[in-house]
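Given the structure is predicted, the values throughout are model-derived calculations rather than measurements.
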Amino acid sequence: MDVETVRQMLIEMADEDYRAFHSKLVPGIENILGVRVPELRKLAKKLVKDDWREYFDAAPNRYYEEDMLRGFMVGYGKMDLEERLERIRAFVPDIHNWAVCDCFCSTLKFAEKNREIVWEFLGPYFRSAETYDRRFASVMALDYYTLPEYALAVFGYFDAMEHPDYYVQMAVAWAISVFYVHMPEITERYIRENRLDDFTHNKAIQKICESYRVDKETKARLRTLKRK
């Protein structure tokens, strides 16, 4: 498949109303066509049945949807573990917004069967100074590592992220809220003892309190842990 053919497919799938709506959710991104994510997923699943690697390696990025499509190809394409990790390594530097990052992570279901190997792979991304390296690792943690055997290690990485970017702070807060739902005792202990910046700490508590899976009494207790 060639870049121009796929690009024309995306242009034909575009919805102007959706473009206007979605552009508000991803501020600063000016190259959105307006193709809905479920439609992009369908297209990616169709395209990976053919020789998709040439398209991936060409790295087309005129449109936001082209980045999203390449990320989905990494998740849906048939390949061995080593190649998939290499494809992830090649794609992460092309992530420039939260939406591509989060949709990409949710597509990497192979991590569930390769948890320890992927965990080791994520280490450099947690320690990176780059915003979307850190967000990638943080969202992978909330998608695939909300388990007792990983919780303390994840929290340790979060504590080490000094002065993170807003999109990292929000990912960490979101992750903590997901960990809380799965492991309230371990996570509440972390909330009481963490070394997070005040914004991330308070945002994590806010997100937990927004969950319908947490009772009113617990929410009231957690709110007392907010920092002034």
Side-chain angles (χ1 to χ4, degrees), residues 25-29 31 56-57 59-61 64 66-75 77 79-147 149-180 187 190-191 193-204 207:
L25 302 179
V26 194
I29 305 302
N31 61 342
F56 180 91
D57 292 337
N61 65 352
Y64 159 91
E66 291 175 319
D67 288 333
M68 192 77 81
L69 193 62
R70 290 178 67 239
F72 290 159
M73 287 176 169
V74 175
M79 66 194 88
D80 61 28
L81 177 60
E82 183 177 354
E83 180 184 356
R84 202 177 304 275
L85 293 176
E86 284 302 315
R87 296 283 174 186
I88 293 171
R89 190 175 286 113
F91 181 71
V92 170
D94 293 335
I95 297 174
H96 303 295
N97 61 79
W98 69 264
V100 168
C101 178
D102 297 3
C103 289
F104 176 55
C105 292
S106 69
T107 310
L108 302 179
K109 304 296 186 185
F110 82 102
E112 294 173 351
K113 294 183 178 179
N114 300 277
R115 212 168 249 118
E116 190 58 32
I117 293 172
V118 176
W119 177 251
E120 293 300 319
F121 176 82
L122 291 174
Y125 294 97
F126 277 113
R127 296 188 291 269
S128 171
E130 298 297 323
T131 293
Y132 287 103
D133 284 5
R134 287 179 170 186
R135 184 169 179 112
F136 165 67
S138 300
V139 176
M140 287 294 288
L142 72 89
D143 279 344
Y144 305 109
Y145 291 93
T146 52
L147 299 165
E149 60 266 37
Y150 289 101
L152 295 182
V154 171
F155 296 157
Y157 277 132
F158 289 166
D159 274 347
M161 291 182 183
E162 298 180 1
H163 306 294
D165 180 275
Y166 172 79
Y167 288 102
V168 178
Q169 292 175 314
M170 293 302 292
V172 170
W174 176 25
I176 293 169
S177 73
V178 175
F179 271 87
Y180 191 89
T187 309
Y190 173 64
I191 290 171
E193 301 172 353
N194 72 75
R195 300 193 301 275
L196 298 169
D197 61 90
D198 292 349
F199 175 86
T200 307
H201 171 88
N202 290 340
K203 186 62 68 171
K207 285 188 169 296

Do L85 and I117 have side-chain heavy atoms sitting under 4.5 Å apart? yes
Rounded to the nearest 0.5 Å, the CZ atom of F72 sits from the OG atom of S106 at a distance of 6.5 Å
Practice task
Evaluate side-chain contact (heavy atoms from CB on, under 4.5 Å) for Q169 paired with M161, printing each intermediate quantity in order.
Solution key: CA-CA 9 Å; Q169 292 175 314; M161 291 182 183; over 6 Å; no
Go through the steps to decide whether I88 and F110 satisfy the test side-chain contact (heavy atoms from CB on, under 4.5 Å), and finish with yes or no. CA-CA 12 Å; I88 293 171; F110 82 102; 3.6 Å; yes
Close side-chain approach of F56 to V74, heavy-atom, < 4.5 Å: yes
Heavy-atom nearest pair, M140 first then A111, reads CE-CB, 4.2 Å
Exactly one candidate in F126, F179, Y145 meets ring-ring contact (aromatic ring centres under 6.0 Å, His included) with Y150; the answer is Y145
What one should report as the nearest heavy-atom pair of F158 and A175 is CZ-CB, 3.7 Å
Value for CD (E86) from CG (L81), rounded to nearest 0.5 Å, stands at 10.5 Å
Here the pair of heavy atoms bringing Y144 nearest to C105 is OH-O, 2.6 Å
Start with the C-alpha gap between N97 and Y64, add the side-chain angles, then the distance that decides, and say whether side-chain contact (heavy atoms from CB on, under 4.5 Å) holds. CA-CA 9 Å; N97 61 79; Y64 159 91; 3.7 Å; yes
Smallest heavy-atom separation, V154 atom then A141 atom, equals CG1-CB, 4.1 Å
Quiz item: So Y190 and F155, would you call those rings parallel, tilted or perpendicular, with 30° and 60° as cut-offs?
Solution: parallel
Handout entry: Residues, nucleotides or ligands: over 12 heavy atoms within 6.0 Å of E82 CD
Key = no
Original post:
Heavy atoms, side chains only, cut-off 4.5 Å: are F136 and L108 in contact?
Top reply: yes
- So does F199 have more than 12 non-hydrogen atoms from other groups sitting under 6.0 Å from CZ? yes
Heavy-atom check, side chain of I176 versus side chain of T187, under 4.5 Å:
yes
Rounding to 0.5 Å, atoms CG (D197) and CD (E162) come to a distance of 10.5 Å
Separation between CZ (F91) and CE (M73), nearest 0.5 Å, reads 11.0 Å
Checklist entry - So, do L25 and W98 sit near enough that their side-chain heavy atoms are less than 4.5 Å apart? => result yes
Worksheet item: Under the 3.5 angstrom rule, does the side chain of W174 hit a backbone N or O of V139 as a donor-acceptor pair?
Response: no
Closest heavy-atom pair, V178 versus L142, reported as atoms and distance to 0.1 Å, is CG1-O, 3.9 Å
Quick one: does N61's side chain get under 4.5 Å of H96's, heavy atoms only?
no
If we ignore hydrogens and angles and just use 3.5 Å, is the side chain of Y132 paired with the main-chain N or O of Y167 as donor and acceptor? no
Y180 side chain reached by K207 side chain, heavy atoms, under 4.5 Å
no
Output for pair (S138 OG, L122 CG), nearest 0.5 Å, gives 9.5 Å
Requested in this report: Give a yes or no answer on whether the side chain of R84 reaches the backbone of G77 with a donor-acceptor pair at less than 3.5 Å.
Outcome: yes
Closest heavy-atom pair, A90 versus P93, reported as atoms and distance to 0.1 Å, is O-CD, 3.5 Å
Just checking, any donor-acceptor pair under 3.5 angstrom between side chains of Y125 and R135? no
Value for CG (D67) from CD1 (I29), rounded to nearest 0.5 Å, stands at 9.0 Å
_Using a 3.5 Å distance criterion without hydrogens, assess whether the side chain of R195 forms a donor-acceptor pair with backbone atoms of A160._
no
Electrostatic pair R70:E66 at N-O distance under 4.0 angstrom: no
Go through D57 and R87 one step at a time and tell me if the side-chain contact (heavy atoms from CB on, under 4.5 Å) criterion holds.
CA-CA 9 Å; D57 292 337; R87 296 283 174 186; 2.7 Å; yes
So does I191 get a backbone contact from the side chain of N194, meaning a donor-acceptor N/O pair under 3.5 Å? yes
